[in-house]
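First the structure, in the form of structure tokens, and then the observations on it.
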Amino acid sequence: MHRRRFLSDLARTAALCAALPSEWRLTWRPRFVDDPFTLGVASGDPWSTGAVLWTRLAPRALEPMGGMDGNRPVLDWEVADDDAFTKVVRRGRYTAAPELGYSVHVEVDGLAADRWYFYRFRSGDATSPVGRVRTTPAAGAMRDLRFAVASCQHYEQGLFTAYQAMAGERCDLVTHLGDYIYEYASRDGAIRRHASKEVVALDDYRGRYAQYKLDPALQSAHAMCPWLVTWDDHEVDNNYAGDAGENLMESVEQMRARRAAGYQAWWEHQPVRVPRARSWADLDIRRTTDWGALARVWMLDTRQYRDDQACGDGTRAVPCGDWDNPSRSLMGAQQEQWLYDGLGASAAHWQVLGQQVMMAPYDSDPADPVRVSMDQWSGYPANRDRLLRVIADRAPNRTVVLTGDIHSSWVNELRAGFDRPDQPVVAAEFVGTSIASGGDGEEIAPQVQRALPGNPHVKWQNSRRGYYVCDVTPQAWTTEYRTFEYVSRPGAPVRTPTRWRVEHGTPGIARL
Ligand SMILES: [Fe+2]
């Protein structure tokens with residue numbers, strides 16, 4: 001009986017599909033009163049034959065569930081050689097699900113290496129904006145790379161002018177180092193719709209992402225090229241460490257529930273390819289992207305596995321408390337081992353570490369005892385020493401560290417050991433400023449100006465908003481900083497205040 005009914009259903013469906021005009025299918029497709037593609041499109045985590053294509057259905061983006069009705073709408077996706085989609089090379093179907101926030105993550109494969117493509121989604125009679133995506137060069141191919149580095153985009157503190165400019169940079173990739181959203185409520189200095197409450201639950205995180213993703217400049221930067229995204233603290237909770245929230249009244253159970261909500265919402269809104277965990281609270285996002293033989297980009301997570309900050313989160317005179325305990329880790333033992341083994345095994349010409357917090361030490365008041373930030377690598381000196389020794393050993397002067405978090409730009413030389421000034425320079429660190437966090441900013445803060453002579457490994461500092469662009473060739477790495485005089489009103493022109501070069505295999509960073 002069962003089998004016969006199934007077969008007759010199948011035959012009837014096939015007959016209907018064959019016999020009915022194409023309009024018939026439209027009635028079986030979702031109908032949207034409002035455009036469901038309000039959050040734009042994105043691509044990310046490319047490999048040599050594919051990439052992740054992303055969108056999220058949200059016809060009324062700021063309403064619960066983005067205004068969707070609880071059904072499972074079917075989408076069609078297309079990848080083409082041209083933006084008119086006359087030469088479609090891949091297409092497929094995807095069913096969006098309410099339990100994943102109607103997010104869409106298509107892993108398209110079977111594309112040619114080192115090529116640009118166009119993609120779009122369709123559902124019902126709605127068509128998404130068109131995005132550009134590219135594959136990476138094939139394994140072994142030595143091809144140049146141009147990419148931009150962004151972080152920290154506190155929506156109400158500034159316009160996303162930086163993303164408008166970035167969309168015109170002709171980059172192969174964008175890396176985003178976290179603080180894509182801010183979880184807390186803030187009215188101070190708000191120049192546009194401010195967040196009215198601190199988000200803790202999944203639906204509220206979703207709403208916060210939707211608020212940010214409605215920004216047209218952010219959408220245009222996503223549509224320009226694939227992104228590599230990691231998170232920092234504000235995707236969950238300010239300065240959280242592992243299971244320890246900022247607010248000590250939060251129990252481990254409460255913090256894990258909050259992490260699960262924050263991590264799931266992050267996944268739902270980013271074009272990422274990461275293994276699904278048994279619990280969202282344990283989502284493992286560390287991963288690598290190879291740019292042919294030229295570079296391996298490591299996207300690290302220095303939040304989820306870190307030991308709690310020693311002596312509080314702020315800037316402290318050291319030594320203090322447990323600060324220099326060699327067993328403490330910023331990355332967690334497993335991630336440390338994964339990176340150290342990987343750096344030893346990788347044949348990539350350049351090693352690129354995309355991560356959150358500043359690696360170079362910064363003594364904010366050289367007259368006093370050394371005072372460093374407990375939330376940065378300086379708060380975990382044993383982990384930093386281990387990592388820099390591995391870099392000195394396995395990839396010296398061909399490793400570049402990309403950093404976000406602190407809303408200011410820094411160019412830092414990294415030494416094999418910062419406790420001994422005779423240790424050689426083994427890597428370069430470029431700290432990007434924020435897209436918007438902190439508002440208009442200033443060129444250089446007076447207290448930083450005073451402290452710089454006591455921090456000779458810091459080559460340049462600036463506190464305007466912006467991003468930076470890297471041009472990577474086999475011979476040299478060039479970083480250009482982009483800054484904006486204001487983000488409190490539209491129209492700030494893009495400036496390039498400084499350019500820096502790292503010669504492959506040569507210690508140090510030279511100003512151009
Ligand atoms: Fe930030």
Side-chain angles (χ1 to χ4, degrees), residues 148-163 166 174-192 194-195 198-199 205 208-209 211-213 215 218 221 227-241 245-246 262-263 265-266 269-270 285 299-304 306 309 313-315 330 354-360 362 373-379 401-410 429-442 445 448 461-468 481-484 487-488:
V149 180
S151 63
C152 297
Q153 50 195 50
H154 204 147
Y155 181 87
E156 54 265 55
Q157 291 187 354
L159 301 174
F160 292 172
T161 311
Y163 279 131
M166 194 188 291
V174 169
T175 61
H176 196 291
L177 304 176
D179 288 358
Y180 192 97
I181 58 157
Y182 283 73
E183 84 291 3
Y184 60 88
S186 60
R187 286 177 178 76
D188 297 343
I191 58 137
R192 51 180 173 166
H194 65 77
E198 177 150 344
V199 295
Y205 281 109
R208 191 63 50 92
Y209 277 97
Q211 179 197 345
Y212 282 54
K213 283 201 168 267
D215 185 280
L218 176 59
W227 285 35
L228 311 178
V229 184
T230 185
W231 57 41
D232 195 10
D233 52 338
H234 289 289
E235 279 84 350
V236 179
D237 182 22
N238 182 43
N239 285 1
Y240 84 96
E246 184 185 38
Y263 289 1
W266 176 88
H269 290 85
Q270 300 296 5
I285 66 164
M299 293 305 271
L300 306 180
D301 178 356
T302 64
R303 284 290 165 195
Q304 182 173 185
R306 65 161 72 187
Q309 292 91 346
D313 299 359
T315 296
L330 181 70
Q355 55 93 48
Q356 295 76 20
V357 290
M358 190 151 91
M359 194 171 289
Y362 172 64
S373 165
M374 292 293 109
D375 191 55
Q376 301 173 6
W377 284 85
S378 286
V401 177
L402 318 174
T403 303
D405 180 55
I406 49 173
H407 313 167
S408 47
S409 305
W410 304 68
E429 178 178 37
F430 295 106
V431 183
T433 180
S434 56
I435 294 292
S437 309
D440 289 344
E442 58 192 327
V448 175
Q461 201 273 356
N462 181 285
S463 298
R464 291 290 187 201
R465 306 289 74 82
Y467 59 95
Y468 62 89
Y481 278 86
R482 305 278 194 249
T483 59
F484 300 84
V487 289
S488 54

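Predicted model only: the values in this text are computed from it and were never measured. Quick note: numbers below take in every heavy atom, side chains included, and nothing from hydrogens, waters or symmetry partners. Along the sequence shown, residues carry numbers from 1. For ligands, and for the atoms within them, numbers begin at 1 and follow the listed sequence.
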* If the plane angle is over 60° it's perpendicular, under 30° parallel, otherwise tilted; pick one for Tyr468 and Tyr481. =>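 Plane angle between 30° and 60°, so tilted.
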
Short N/O/S contact of [X] with the Fe ion (ligand 1) (below 2.8 Å):
{"X": "His154", "value": "no"}
{"X": "Asp405", "value": "no"}
{"X": "Cys152", "value": "yes"}
{"X": "Tyr182", "value": "yes"}

* Short question: side chain of Tyr205, backbone of Val236 - any donor-acceptor pair under 3.5 Å? ->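 Here the side-chain-to-backbone pair exists.
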
* Vertex the Fe ion (ligand 1): angle to OD2 of Asp179 and NE2 of His407, to 10°? ->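 Nearest ten degrees: 170°.
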
* May I ask you to check whether Asn239 and Glu246 show a side-chain donor-acceptor distance below 3.5 Å? =>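 The answer is no; no qualifying pair exists.
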
* To do: State whether Arg303 and Asp237 are salt-bridged, where the test is any N-O pair (Lys NZ or Arg NE/NH1/NH2 against Asp/Glu carboxylate O) under 4.0 Å.
  =>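 Between Asp237 and Arg303 there is no salt bridge, as every charged N stays at least 4.0 Å from the carboxylate O atoms.
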
* So which of Glu183, His154, Arg208 actually passes side chain to side chain donor-acceptor pair (under 3.5 Å) with His234? ->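 With His234 as partner, side chain to side chain donor-acceptor pair (under 3.5 Å) holds for just one option, Glu183.
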
